[in-house]
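Here is the structure we will look at.
Along the sequence shown, residues are numbered consecutively beginning with 1. Computed over heavy atoms, backbone and side chain alike; hydrogens, waters and symmetry mates excluded.
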Amino acid sequence: MSDVTLWTLYREGVAYHNKMGFSTKFPTFVRFKEGDQWPQATERTKNLPRPVLNIVDMIVRSKRSSVLDQPVSIIYRQGSASGDEILDQMHQDAAENCTEYARTIWDRAGMDKLCNEACDDAATNGTGIWHFYWDTSVIGDKYVGELRGETVDALNFFVANPQLRDVQKQDYLIIAQRLKLGAVRKMAKDRGLPAEKVASICPDEFEDASTYRAERIELDGKENEKVTVLTKYYRKNGEVVFDKATRSVEICTAVPLTPQGSPIRIKLYPVAALNWKLRKACFYGIGEIEGLIPNQKLINFMYGMQALAIQQMGFPKIVARPGAIRQPLTNEPGEIVTDYSNGGISYLQPPTFSSAATQVSNDMIDLTRVVTGTTEVTTGESLGANMAASAIIALQNQAQTPVNEIQRRYWHAVKEIGRIWMEFFKTYCSDKREIVIEMGDEVSGRAFTGTDYAMYDFDLQVDVGASSEYSAVLAQATLDKMLDRGDITIDQYIELSDPNVAPFKEKFKRMREMQPAPMGMPGVPEENIDGLQSVSGVGGVPLPDVPKAPTPLDKFTGGGNNAVPKL
């Protein structure tokens, strides 16, 4: 049976990957990141120690964490003003509802996990890809279907023009998947294919487009047989449509991505991509590992040879005359070896291992970290104990500069995701969906119907949250100082504190409400501010003395917690 046209395009994409070396490079990058960094042992190298100091994985994790360090959210804004106060308010309410529903979808679709996976793919192979679809298996109280997403590996993704970096400007996109035979036949049957066509869908051999070791190994048994299914997105009359096919059977052709009855059409491909580093004149980017493998091999080899030298010194080879040893040697501690040749047994003293190898290994590790921008300052190693949080943040922000470029590309990809989501909201969300809006302590529910906003234009921005793990520490330290100075009351302090610091907020509020209001406290100074009397201190309570370490001037002033240096 001849191949379908879509399969021919797929093979052309595979050929391009092979010419660029992606089919062999990408699996190698993954293997090194996962710690599989030594070749198979041979008869000559079977006793060689194989240590793995996984610098590759450390660098990838550090860079990926730096890019994902700042939480992001999709914010929709009113696109234009009509001049009519009522219409503009409706437009603003629509943007707010879309923002809240996007926040709901972000949680339900597991976007934090998907962004982590896509950034990990980008840091490893150079390109991270998101694919979004409408999942009709999700059923709510009053609605059916919800937006979902997945990540696609670069080896399973093909574009019409590999020299064009913009996804939305491509003539077509192809995604390859390995699905179970039963699921594919059911898909074809649901699409209305005749029985003979459905029966002709057969398992195929694994193609060389995906050569990851874990992906090549599939379960045995007829129930686990798989088929390569291709999905092609392209535009027809400006609208996105898709084809699905196996090697020999076309499952569907030119199916509109827009649901029937929608007032507008979907024009954006449901795909967003992230390049970690830009590769000149190529859709696929460059990851962190591409230039690290030679360094990683040298580091492992040097430490392996050091371990071998120590092994040979601890278990040296025995030199014996013929017939000198008549018993098997086990190298057990305290083992007695009988010499039958009167002095014919001796140990072969190995040469001393040069200390230069250790120095080269350490220098290679340090230089690799410096070149890749993953020094101790970036990772915060041995800095937190001796430096203030603000000082650490200042150093990390300075060291973060090379990562900012990658981070901005990630934010741009999230913005593209927001544009794709909006088209799904306007076309698929025709039934009412409840969203929850939190305004401080108040929680309210609203009904969201995306198709009601089909005629609205929205601007889009990506809101970026606090970037450093020390931000919460700094915020809490600021609150502590304000409390110490009496700038805020204890109630305000608890209310403004991070929930992880004060998980007992509600219980504390109830306890404060049950206490009678103080009528004044003796010995507490009062101040008159704008006609109102306020008690100085924290919540009307004078602050106790804070213990301080004695200073060198104490011997002149008498010391003590409240001693003031006399000049």
Does the side chain to side chain contact (heavy atoms under 4.5 Å, CB included) test come out yes or no for Ser73 and Ile75, once each step is laid out?
CA-CA 6 Å; Ser73 58; Ile75 306 294; 4.0 Å; yes
Walk me through it: do Val403 and Lys63 pass the test side chain to side chain contact (heavy atoms under 4.5 Å, CB included)?
CA-CA 7 Å; Val403 183; Lys63 288 291 191 71; 3.9 Å; yes
Kindly indicate, with the supporting measurements, whether the criterion side chain to side chain contact (heavy atoms under 4.5 Å, CB included) is fulfilled by Val249 and Val4.
CA-CA 7 Å; Val249 177; Val4 299; 5.8 Å; no
Please evaluate residues Asp190 and Lys186 with respect to the criterion salt bridge (charged side-chain N to carboxylate O under 4.0 Å, His left out), reporting the C-alpha separation (whole Å), side-chain torsions for both, the decisive distance (0.1 Å), and the verdict.
CA-CA 6 Å; Asp190 294 341; Lys186 183 179 183 303; 3.0 Å; yes
Does the pair Arg191 and Glu250 meet the rule for a salt bridge (charged side-chain N to carboxylate O under 4.0 Å, His left out), with working shown?
CA-CA 10 Å; Arg191 289 288 180 181; Glu250 289 184 344; over 6 Å; no
Quick one: do Arg178 and Asp204 satisfy salt bridge (charged side-chain N to carboxylate O under 4.0 Å, His left out)? Show the steps, please.
CA-CA 10 Å; Arg178 293 286 290 174; Asp204 52 28; 2.5 Å; yes
Check against side chain to side chain contact (heavy atoms under 4.5 Å, CB included), Gln78 and Glu96
CA-CA 9 Å; Gln78 179 182 354; Glu96 181 181 348; over 6 Å; no
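Salt bridge annotation for Glu423-Arg419: absent, with no cationic side-chain nitrogen under 4.0 angstrom from a carboxylate oxygen. The pair Asp57-Arg61 counts as a salt bridge, with a side-chain nitrogen and a carboxylate oxygen less than 4.0 angstrom apart. For the pair Asp120 and Arg64, the salt-bridge criterion is met [side-chain N within less than 4.0 Å of a carboxylate O]. With respect to Glu146 and Arg148, a salt bridge is recorded, a charged nitrogen being found less than 4.0 Å from a carboxylate O. A salt bridge is defined here as a Lys NZ or Arg NE, NH1 or NH2 lying under 4.0 Å from an Asp or Glu carboxylate O, and Lys142 with Glu434 fails to meet this definition.
Counting heavy atoms from C-beta on, the side chains of Thr124 and Glu288 never come closer than 4.5 Å. Residues Cys119 and Leu274 meet the side-chain proximity criterion, which asks for heavy atoms closer than 4.5 Å. Side-chain contact between Phe458 and Met422 is present, with at least one heavy-atom pair separated by less than 4.5 Å. Put simply, the side chain of Tyr76 reaches to within 4.5 Å of the side chain of Leu460, judged on heavy atoms. The shortest side-chain heavy-atom distance between Trp134 and Leu147 falls under the 4.5 Å cut-off. Considering only heavy atoms from C-beta on, Lys232 comes within 4.5 Å of Leu9 through its side chain. In this structure, Val72 and Tyr410 have side chains that are in contact, with non-hydrogen atoms separated by less than 4.5 Å. Side-chain contact between His17 and Phe26 is absent, with no heavy-atom pair separated by less than 4.5 Å.
Asp171 approaches Tyr234 most closely through the heavy-atom pair O-CB, 3.5 Å. Asp121 and Gly128 get closest at one heavy-atom pair: CB-CA, 4.2 Å. The two residues Val271 and Val167 make their nearest non-hydrogen contact at O-CG1, 3.8 Å. Of all non-hydrogen atoms in Pro162 and Tyr16, the two that sit nearest each other are CB-CZ, 3.3 Å. The shortest non-hydrogen separation linking Ala413 to Ala273 is CB-O, 3.8 Å. In terms of heavy atoms, Ile129 sits closest to Ala118 at N-CB, 4.4 Å.
Side-chain N/O atoms of Asp88 and Gln92 include no donor and acceptor closer than 3.5 Å. Checked by atom type, the side-chain pair Lys244/Thr231 shows a donor-acceptor distance below 3.5 Å.
Within 6.0 Å of NZ on Lys277 lie more than 12 heavy atoms contributed by other residues, nucleotides or ligands. Within 6.0 Å of atom CG in Asp84, more than 12 heavy atoms from other residues, nucleotides or ligands are found, so the atom counts as buried in its surroundings. The environment of Gln163 atom CD is dense: over 12 non-hydrogen atoms of other residues, nucleotides or ligands sit within 6.0 angstrom.
A donor-acceptor contact shorter than 3.5 Å links the side chain of Ser262 to the backbone of Ile264. In this structure a side-chain-to-backbone donor-acceptor pair under 3.5 Å is missing from Thr127 to Asn275. Judged by distance alone, with hydrogens and angles left aside, the side-chain atoms of Thr449 form no donor-acceptor pair with the main-chain N or O of Asp452 at under 3.5 Å. Looking at Tyr269, its side chain does come within 3.5 Å of a backbone N or O of Gln170 through a donor-acceptor pair. Distance alone, capped at 3.5 Å, is enough to place a donor-acceptor pair between the Arg409 side chain and the Trp276 backbone. Judged purely by atom type and a 3.5 angstrom limit, Asn237 has no side-chain atom pairing as donor or acceptor with the backbone of Glu239. For the pair Gln407 (side chain) and Ser66 (backbone), a donor-acceptor distance under 3.5 Å is present. No donor-acceptor distance shorter than 3.5 angstrom exists from the side chain of Glu100 to the backbone of Asn97, with no hydrogens or angles considered.
By the 30° and 60° cut-offs, the orientation of the rings of Tyr456 relative to His91 is parallel. Note on ring orientation: taking the six-membered ring where Trp is involved, the planes of Tyr10 and Phe158 are perpendicular (angle over 60°, cut-offs 30° and 60°). In this pair, Tyr428 and Phe424 present their aromatic rings parallel. The plane angle is below 30°, not in the 30 to 60° band.
Taking the six-membered ring where the residue is Trp, the centroids of Tyr453 and Phe425 are separated by 6.0 Å or more. Proximity of the aromatic rings of Tyr233 and His131 is defined here by a centroid distance below 6.0 angstrom, and this criterion is met. Less than 6.0 angstrom separates the ring centroid of Tyr284 from the ring centroid of Phe22.
Separating the OG1 atom in Thr99 from the CD atom in Gln461 is a distance of 8.5 Å, to the nearest 0.5 Å. With rounding to the nearest 0.5 angstrom, the CD1 atom of Ile251 is 9.0 Å from the CG atom of Leu230. Between atom CD1 of residue Ile266 and atom OG1 of residue Thr258 there is a gap of 4.0 Å, rounded to the nearest 0.5 Å. Rounded to the nearest 0.5 angstrom, Leu268 CG and Ile417 CD1 are separated by 12.5 Å. Distance check: Ile105 CD1 to Ile435 CD1 gives 10.5 Å after rounding to the nearest 0.5 Å. Atom-to-atom distance recorded for Ile59:CD1 and Thr372:OG1 is 3.5 Å, nearest 0.5 angstrom.
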